[in-house]
2 protein chains.
Amino acid sequence: MVEEVSNAGNESRAQESRDEILQAATALFARRGFHETSMAEVAREAGVSKALIFWHFKTKEELFFAVLARLLEPYVIDFAEERSALDEKTQILKLIEAYLSFVRDHADSIRFFVAQLLRSEKPSPALNNQVLALYEGYRALLTDLIQHAQDDGLCSRRLDAANTAAFLLSTLNGLLISYLFLGNQALSLEGMMGMLGDWLFGGMA
Amino acid sequence: MVEEVSNAGNESRAQESRDEILQAATALFARRGFHETSMAEVAREAGVSKALIFWHFKTKEELFFAVLARLLEPYVIDFAEERSALDEKTQILKLIEAYLSFVRDHADSIRFFVAQLLRSEKPSPALNNQVLALYEGYRALLTDLIQHAQDDGLCSRRLDAANTAAFLLSTLNGLLISYLFLGNQALSLEGMMGMLGDWLFGGMA
DNA sequence: TCGGTTATTGACCGACTGGTTAGGAGCCCC
DNA sequence: GGGGCTCCTAACCAGTCGGTCAATAACCGA
C-alpha cells in the first residue's frame, strides 16, 4: 500500500520521478532547511517541473514527511533477527558500535532529522509515534540483553535492567548530539564508547 | 536574573520597547518556530508597530540571534563563584541537579534553542562559539571537581577525569533531549540522575 | 522656544512562494 | 483511431512577508 520497491528493473516512470524528487528534497532540506527550500528549487534539482511535485505530493508538508520517513528507514532494524548466538555483552557492545558508526556516517541527515523532530510545531503525531515505537523497540531489546547479561554474570546486578537500558539509550543520544555539535576531534566517539562499556561491564569479565 | 519586569531605575524608552519585542519574539519563536512567525505577529504581540522592530533590529535574523543569545543567558554561570565550601561530590551532584531542573523548567525554550542550533544553515559562528565556550567552561569545571573528588577518595580513580567530565556532559545532553522527546512520565529525570551519581560515586562513600 | 537627536508609526512595495489549472504527450486497450 | 488512463508541463494566481520610507511625536540640551 505504500512502497512498491519490488517493481525491480521496471520501475514505473512515476515511481522513478518520485524517487528523484524525494532525493533532491532530502538533499536540499538537509542543506538549507525546510522553509529555505522552495518547491521550485526542489523541482530544478530533481530535473522535473514544479507541478509534478504537486502531482506526487499534495502539499509541501506531505513531501516533507515523506522525506523524514525515508530518513528514518535505516534506523529500523529487525529486532528479532538481532538475537544472535553471541553472548549478550558482545551483542550490546556491537549494538552500541553500530549506533555510533551510523551516527558518524549519516551525521548531516541525522542533524536535520533531529532538528525537525525537536521543532515545537510540525512533527506529525504519526512520525512521532514511529520514532517512539522505534525507541521502545530498542529499549526492550536492550533491557532484555542486559537482563540476560546479568543472569550470565557478565554484568553487575547492581543496576536495574530497564532503567539501565533507558539510561544507555539516553547516553547514546547524548553522544549523538554532542558529536553533531563538537565533531570527532573534540569528542572521541571511541573513547566515549569505551567509558560506556566500562560502566556497564566494569569489574566484570 | 534577567527578567526585571519592574522597570528598575530608568530604562530608556527604547530599551523598554526592545525588551518587549524580544520577549514577544522569544515566545512566538518558541511556540511557532522562526519561519512561521511573521514580524507583524511579533509586532502585534509586543504591542508596537512592525517598523519599530526594524528600527531596533536591522533584519529578522538579527532579531532571531538576539532572541537566541537571550535564551543562552541563564546557562551562563560564574564558574569561579561555583567553588563553594562543599565537598566535591556534593558540588557535582548539585551541578547535575541544577542542570536537570533547569531543563525541566525551560523545556520549551530549550527545545527551540537546540533545534535552531542543530540546523544545518544559520547558526552564526558567533553564537556557536558562545555555546562552545560555555561547554568548555562546564567541562573544565567538572574535570577539576572530579579530579579533586578523586584526590579526596570520593570517587573511583579508575576513570580519567577529563574524559569522565566530557562523558558526563554528553550524558546530561542525552537526558535533555530524551526528556524533550519523551517527557518525564516515560523517562524519570530523577531516576536517571540517580544512575549518574551511582556511576560516578558507586561503591564509594 | 527652538533645533536636533531619539523613538515610533501607517502606508506602501517588490519579491517570492505554495498551490492551481488547462492542456498536452505517451501509452494501452477496445 | 479514438477514448481514457497515467504522467508531466508552462503559465498563472492569490496571498504573504520582509523590509522601506516619509512623517511625526517625544524628549532634551541650550
Side-chain angles (χ1 to χ4, degrees), chain A residues 1-7 9-68 116 119-124, chain B residues 7 9-68 116 119 121-122 124:
Chain A
M1 170 208 154
V2 194
E3 291 292 291
E4 257 88 7
V5 185
S6 48
N7 201 355
N10 210 355
E11 235 185 357
S12 71
R13 195 137 170 53
Q15 195 55 245
E16 231 174 81
S17 66
R18 192 191 138 99
D19 280 353
E20 256 153 47
I21 290 167
L22 236 23
Q23 204 175 317
T26 303
L28 286 174
F29 284 167
R31 195 179 332 140
R32 281 213 270 280
F34 177 73
H35 280 279
E36 291 84 346
T37 303
S38 72
M39 297 302 258
E41 280 176 305
V42 176
R44 188 163 1 104
E45 177 89 6
V48 301
S49 74
K50 193 175 60 153
L52 182 58
I53 304 183
F54 283 97
W55 185 82
H56 279 295
F57 309 93
K58 257 196 280 297
T59 67
K60 191 185 182 186
E61 274 202 12
E62 197 174 306
L63 171 62
F64 175 70
F65 286 124
V67 165
L68 251 36
Q116 295 305 331
R119 299 169 45 136
S120 15
E121 211 70 9
K122 252 338 135 44
S124 74
Chain B
N7 193 0
N10 212 354
E11 232 185 358
S12 73
R13 197 135 167 53
Q15 196 55 244
E16 232 175 82
S17 65
R18 192 190 139 99
D19 280 352
E20 258 154 45
I21 290 167
L22 236 22
Q23 204 175 315
T26 303
L28 286 174
F29 284 168
R31 195 180 329 142
R32 280 214 271 281
F34 177 74
H35 280 279
E36 291 84 347
T37 303
S38 71
M39 296 302 259
E41 282 175 303
V42 176
R44 189 163 1 105
E45 176 89 7
V48 300
S49 73
K50 193 173 61 148
L52 182 58
I53 304 183
F54 283 98
W55 185 82
H56 280 295
F57 309 93
K58 256 196 281 296
T59 68
K60 192 185 182 185
E61 273 202 14
E62 197 173 306
L63 171 61
F64 175 70
F65 286 124
V67 165
L68 251 36
Q116 295 305 333
R119 300 171 44 135
E121 213 69 8
K122 249 345 133 41
S124 75

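Both backbone and side-chain heavy atoms feed into the values below; hydrogens, waters and symmetry mates do not. Naming: A, B, ... by sequence-line order, numbering from 1 per chain.
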All N/O donor-acceptor pairs, side-chain side in residues 47-56 of chain B, below 3.5 Å, sequence neighbours left out:
residue, atom, partner, partner atom, Å
B/Ser49, OG, B/Leu52, N, 3.3
B/His56, NE2, B/Ser17, OG, 2.8

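Annotation: of the two residues near DNA chain C, B/Lys50 and B/Ser17, the 5′-most nearest-nucleotide partner is B/Ser17. In terms of position along DNA chain D, the nucleotide closest to B/Ala40 lies nearer the 5' end than the nucleotide closest to the other residue of the pair B/Ala51 and B/Ala40.
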(request) Please report the C-alpha distance between B/Glu36 and A/His35 in whole Å, then the side-chain angles of each, then the deciding distance to 0.1 Å, and finally whether the side chain to side chain contact (heavy atoms under 4.5 Å, CB included) criterion is met. (result) CA-CA 9 Å; B/Glu36 291 84 347; A/His35 280 279; 3.1 Å; yes
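Remark: P of C/dT17 and CZ of A/Arg32 are 10 Å apart, rounded to the nearest angstrom. Distance CD1 (A/Ile21) to C1' (D/dC8): 10 Å, rounded to an integer number of Å. If you measure from atom CH2 of B/Trp55 to atom P of D/dA22, you get 18 Å, rounded to the nearest angstrom. In this structure, B/His56 atom NE2 and C/dT6 atom P are separated by 13 Å, rounded to whole Å. Atom C1' of nucleotide D/dG18 and atom CD of B/Glu62 are separated by 14 Å, given to the nearest angstrom. At whole-Å resolution of the value, CE in A/Met39 and C1' in D/dT16 are 17 Å apart. Summarising the geometry, the separation between CG on A/Leu63 and P on C/dT17 is reported as 15 Å, rounded to the nearest angstrom. Between B/Ile53 atom CD1 and D/dT20 atom C1' the separation is 14 Å, expressed in whole Å.
Checked against D/dT20, C/dG19, C/dT8, the side chain of A/Lys60 finds its nearest nucleotide in C/dG19. Comparing atom distances between the A/Ser49 side chain and each of C/dG18, D/dC8, C/dT9 picks out D/dC8 as nearest. Closest to the side chain of A/Phe54, out of D/dC8, C/dA7, C/dG18, is C/dG18.
Closest approach of B/Gln116 to B/Leu68, counting heavy atoms only: CB-CD2, 4.3 Å.
At a threshold of 4.5 Å between non-hydrogen side-chain atoms, the residues B/Glu62 and B/Thr59 count as touching.
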